[in-house]
Participant: 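First the structure, which I've put down as structure tokens, then a few questions once you've had a look.
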Protein chains: 2
Amino acid sequence: MSRCRTGLLKASNILRSGNSFVGRQQWRTKVLSVENMNPHVKNMEYAVRGPIVIRAGEIEQELAKGVKKPFNEVIRANIGDCHATGQTPITFLRQVVAICTDPDKLMNDPSYPSDAKDRARRILDGCSGQSIGSYSDSAGVRVIREDIASYIAERDGHPCDANDIFLSTGASDSIKTIMKLLMTGESGTDRAGIMIPIPQYPLYTATIAEYNAYPIGYYLDESNTWALNIPELKRSINEARDKCKPRGIVIINPGNPTGQVLPRENIEQIIKFAKEENLFLMADEVYQHNIYAEGSAFHSFKKVLMEMGPEYNNMELASFMSTSKGYMGECGFRGGYCEVINLDPDVKMMQIKSISAKLCSSVSGQAVMDVVVNPPKPGEPSYDLFEKEKNFVLGQLKEKARMVTEVFNSIDGISCNVVQGAMYAFPNIKLPKKAIEAAKAAGQKPDAFYCYQLLENTGICVVPGSGFGQKEGTYHFRTTILPPLEKLQVMLDKFKVFHEEFLQKYK
Amino acid sequence: MSRCRTGLLKASNILRSGNSFVGRQQWRTKVLSVENMNPHVKNMEYAVRGPIVIRAGEIEQELAKGVKKPFNEVIRANIGDCHATGQTPITFLRQVVAICTDPDKLMNDPSYPSDAKDRARRILDGCSGQSIGSYSDSAGVRVIREDIASYIAERDGHPCDANDIFLSTGASDSIKTIMKLLMTGESGTDRAGIMIPIPQYPLYTATIAEYNAYPIGYYLDESNTWALNIPELKRSINEARDKCKPRGIVIINPGNPTGQVLPRENIEQIIKFAKEENLFLMADEVYQHNIYAEGSAFHSFKKVLMEMGPEYNNMELASFMSTSKGYMGECGFRGGYCEVINLDPDVKMMQIKSISAKLCSSVSGQAVMDVVVNPPKPGEPSYDLFEKEKNFVLGQLKEKARMVTEVFNSIDGISCNVVQGAMYAFPNIKLPKKAIEAAKAAGQKPDAFYCYQLLENTGICVVPGSGFGQKEGTYHFRTTILPPLEKLQVMLDKFKVFHEEFLQKYK
């Protein structure tokens, strides 16, 4: 906290009037204080790494120092960080990146498979000086952009132009780049409005706050597997019209934190709505490989839009993808991309210009993305192992999604939509009045109070629903489904006991 | 270009009055146009990847198609991209990162040295799940932050706290994070003013434009080896006082594009000036390993500030570093960090919050940074080779810096300050009146005209001085000194011939 706010104000008077050196020396504390810093940064919130997660870290340190707790370890179910919870990397993927990193040696290592070497050679040939240590084009290494385009074309059955692909530092970086283009004025109806789901992944509210845009929150329909209901979309945009200029809509499919997979008809309805309202479509599709429920299938917004015919297939759409999720879970490499279609060519020039000052995203992250979109093919030396590893991870996730849904729904006072996809459950908890009062007395939101109690009593770290947004008077939390099966079972058992005791305590 | 601006205006009337669906359908073209996009993004410029570089890429494609040119290849001297111009990676560095990438295999590979394995083990032990595929803390892997702190403490002879270290996606990302904190209002004297050198590295003007801040340009003194003259600093800030709220000063040392290394006294003067004017210090020190001239030495701003005693050693300072430059030139890994000292603790909390939404920088880039700040020590298996490779690169750069300075100064109408450090020369070219007129006729800035002629006639791609800023009526260009010695010699020979013919043509 700046130590002397009035001092600062006085000082600026001194500066403007007399400009006396002594005057300056007397008041000087900090140039940058919470009072005078960027107000938009102050407004940013990112619950996935918020205060409860900081507390979890403290508890880990306390445990390490031998402090006695009713548990031996913290179970971090707060973030979709696959390798951190024990998932092992895909062999072929790491082989390719290792060869790209030390090609002089590993290109000649007979124990690396030939297809990994071929792939590494292909990527290196696309790098200046054949080194992943050189900058790539701002949009990424050309051959990797082409591989991504082929992947999308095959996935959707519609052409994809490599010039529409932009690699980035995770998907987050692409999301920020696109949202930045949409920003307009500073206030009133000049200010850009961005439609986002509630609950949402907090990157969106954080970015909207940072850019001083207006968040137009539309509620997902919890009673209908977190679907997007069109009347609710209309309600939210209509109520926002005198507060901002609505410019874009974010859809997260499969859902984070809500785990739903949108049916095709719902996507069609959303596209029609976006067209009527003249909105730029932003489809967060980073969980496109994570589909578990029977009858659920991933439909990309691009595919649906293309198949809706000439009235819709010229709409502007950005779709985001990441190396961090799926079966690979390579968060640390920070690979990601967006495909942007139907963009005005002059705007595209501006987009390219705006990313060029960042130079490029990590080329090793780009190499990881290349493997994700272009895995080994049948008959290639690494195919069988790759498929086995991939199917193992996805099979485990499917089982965990089932287990989590089932257990939460078996607990009194908790209901949980089927985890159809992604990596999270977002159960609804009915909190007793006394617990809500106790939370108020502790100066906490009721769901945060619940999650802190859970953490302190069991070591389980989940994120309160208030960090993602939820309907007034409802309470939720987000948990990942990532811990290994046995650990997840233990976690759910502990959770159940905690919840029953909590209900008992605040009955 | 949006196809129908008046249509759009009319449409919004339709929307506001009747909201008729038919009305909407008739006018709809693009949601996002150059007219209605973020105006600040439109104002961004980044010359290092500007139009002349795009033209260089086209020429390369023309050459590949067999188009006849007076040269066989494009020499890209526009960007400090070491590996792209043939520099080979440091063996130990790549070994460590390769082992981190495929530890199951390479940790047991007897042909990798034990110190590379030890280092990789240490880094992996610092990663969640012992995988570089997991997210790190937003500020970076703890042990790497500690290694950076040790490096800085040893470099400066003053303590460094690992909690002040923030790893980032290259130095650029850190620079943007810090500048973002300093932003204030939108216009007038509420708008944040940031002092930047002219000439400057265009990331600064691009970031200032993006954040709608006010650039307070101070001219470097070309007649005094591009020093920062205090009267000029005072002139620039005084002239800006009614246009913005001056908040910070950027110093690039060693200089980019100007190649100077600031003497210690100059740094002391700058620190005193910043204190008088209540400015946040931002020291771009990414070229701290690149010092070539006899008598030049790198003095970090932190060291100087610390040694100036209690009146100054509590000043706020951010210093930026990168894996992309130095002797390693690992641009593609996007490693970087900033050290931020004396920051208000509450502001630091805000900084941490603002970077947490980005999750973390590439962990492989962080691993590269670890090797840079903690190279093998005498007696360790990789020490000799590491020193040999490092000294070779730095020795070659020193020779190239000498050669470039000498050749440019031997050419009629060109003068060039000694390249004391960094990776660039920024020669001054006296353009004949007729050339200036020809440029005007071609609708180009005179230095851009010169650089395009150079590119089209010789294949040499350099960046016009106007992309970095220069005094009105003077003309420059920036060239890297990176091409291998023999190629650099050829480039300089070609350059000399071109320049003489150019002078002849426009005499």
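The figures that follow rest on heavy atoms only: side chains count, while hydrogens, waters and symmetry mates do not. Below, read A as the first sequence line, B as the second, and so on, with proteins coming before strands; counting in each chain starts at 1.
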Participant: Name the option with the most non-hydrogen atom pairs under 4.5 Å to chain A; the candidates are B:L359, B:L93, B:T323.
Facilitator: B:L359
Participant: In terms of heavy-atom proximity below 4.5 Å to chain A, should B:A357 be classed as side chain, backbone, both, or neither?
Facilitator: both
Participant: Check whether any side-chain heavy atom of B:P89 lies under 4.5 Å from a side-chain heavy atom of B:H83, and answer yes or no.
Facilitator: yes
Participant: Please classify the contact between B:C82 and chain A as side chain, backbone, both or neither, with a heavy-atom cut-off of under 4.5 Å.
Facilitator: neither
Participant: Taking A:S138, A:S172, A:G365, A:G329 one by one, which has the highest count of heavy-atom pairs under 4.5 Å against chain B?
Facilitator: A:S138
Participant: Of all of A:L106, A:T169, A:L203, which one pairs up most often with chain B through heavy atoms under 4.5 Å apart?
Facilitator: A:L106
Participant: Measure distances from B:S136 to the heavy atoms of chain A and classify the residue's part below 4.5 Å as side chain, backbone, both or neither.
Facilitator: backbone
Participant: Can you tell which of B:M315, B:E277, B:E316 makes a side-chain contact (heavy atoms from CB on, under 4.5 Å) with A:V31?
Facilitator: B:E316
Participant: Could you have a look at B:K358, B:K180, B:Q366, B:K42 and say which one has the most heavy-atom pairs with chain A under 4.5 angstrom?
Facilitator: B:K180
Participant: Can you tell which part of B:C127 gets under 4.5 Å to a heavy atom of chain A, answering side chain, backbone, both or neither?
Facilitator: neither
Participant: With B:K245, which residues qualify under side chain to side chain contact (heavy atoms under 4.5 Å, CB included), at least two apart?
Facilitator: B:T184, B:R247
Participant: If only side-chain N and O atoms count, and only distance matters, is there a donor-acceptor pair under 3.5 Å linking B:S364 with A:S364?
Facilitator: yes
Participant: Side chain, backbone, both or neither: which part of B:Y204 has an atom under 4.5 Å from a heavy atom of chain A?
Facilitator: neither
Participant: According to side chain to side chain contact (heavy atoms under 4.5 Å, CB included), who are the partners of A:K353, at least two apart in sequence or on a separate chain?
Facilitator: A:M350, B:M44, B:E45
Participant: Using the side chain to side chain contact (heavy atoms under 4.5 Å, CB included) rule, take B:T85 and B:R76 through it: C-alpha gap first, then chi angles, then the decisive distance, then the call.
Facilitator: CA-CA 8 Å; B:T85 35; B:R76 286 180 175 262; 5.5 Å; no
Participant: Charged N to carboxylate O under 4.0 angstrom, B:K275 versus B:E311?
Facilitator: no
Participant: Measure from the side-chain N and O atoms of A:N108 to the backbone N and O of A:D104, and report whether any donor-acceptor pair falls under 3.5 Å.
Facilitator: yes
Participant: At a heavy-atom separation under 4.5 Å, does B:Q351 approach chain A through its side chain, its backbone, both, or neither?
Facilitator: neither
Participant: Report yes if the side chains of A:Y135 and B:S324 come closer than 4.5 Å at any heavy-atom pair, otherwise no.
Facilitator: yes
Participant: Side chain from CB out, backbone as N, CA, C, O: work out which of these in B:I79 comes under 4.5 Å of a heavy atom of chain A, or both, or neither.
Facilitator: side chain
Participant: Let me know if B:D173 has heavy atoms under 4.5 Å from chain A in its side chain, its backbone, both or neither.
Facilitator: neither
Participant: Measuring heavy-atom distances to chain A, does B:R94 have an atom under 4.5 Å in its side chain, in its backbone, in both, or in neither?
Facilitator: both
Participant: Go through A:S128, A:S111, A:G129, A:G133 and name the one with the most non-hydrogen pairs under 4.5 angstrom from chain B.
Facilitator: A:G133
Participant: Run the side chain to side chain contact (heavy atoms under 4.5 Å, CB included) test on B:T177 and B:I355 for me, step by step, so that the C-alpha distance in whole Å, both residues' side-chain angles and the decisive distance to 0.1 Å come before the verdict.
Facilitator: CA-CA 8 Å; B:T177 296; B:I355 61 173; 3.7 Å; yes
Participant: Chain A heavy atoms under 4.5 Å from B:D109: which part of the residue, side chain, backbone, both or neither?
Facilitator: side chain
Participant: With a 4.5 angstrom heavy-atom cut-off, could you sort out which part of B:E330 is near chain A: side chain, backbone, both or neither?
Facilitator: both
Participant: Only pairs of heavy atoms separated by less than 4.5 Å count here; which of B:G50, B:G248, B:A206, B:S354 has the most with chain A?
Facilitator: B:S354
Participant: For the pair A:L181 and B:N38, evaluate side chain to side chain contact (heavy atoms under 4.5 Å, CB included) and give the outcome as yes or no after the intermediate values.
Facilitator: CA-CA 5 Å; A:L181 294 175; B:N38 185 333; 5.6 Å; no
Participant: When heavy-atom pairs shorter than 4.5 Å are enumerated against chain B, which of A:I132, A:D102, A:V363 gives the highest number?
Facilitator: A:I132
Participant: Who wins among B:T101, B:T91, B:V97, B:T88 for the most heavy-atom pairs under 4.5 Å with chain A?
Facilitator: B:T101
Participant: Between atom CG of B:N212 and atom CD of B:E210, what is the distance when rounded to the nearest 0.5 Å?
Facilitator: 11.0 Å
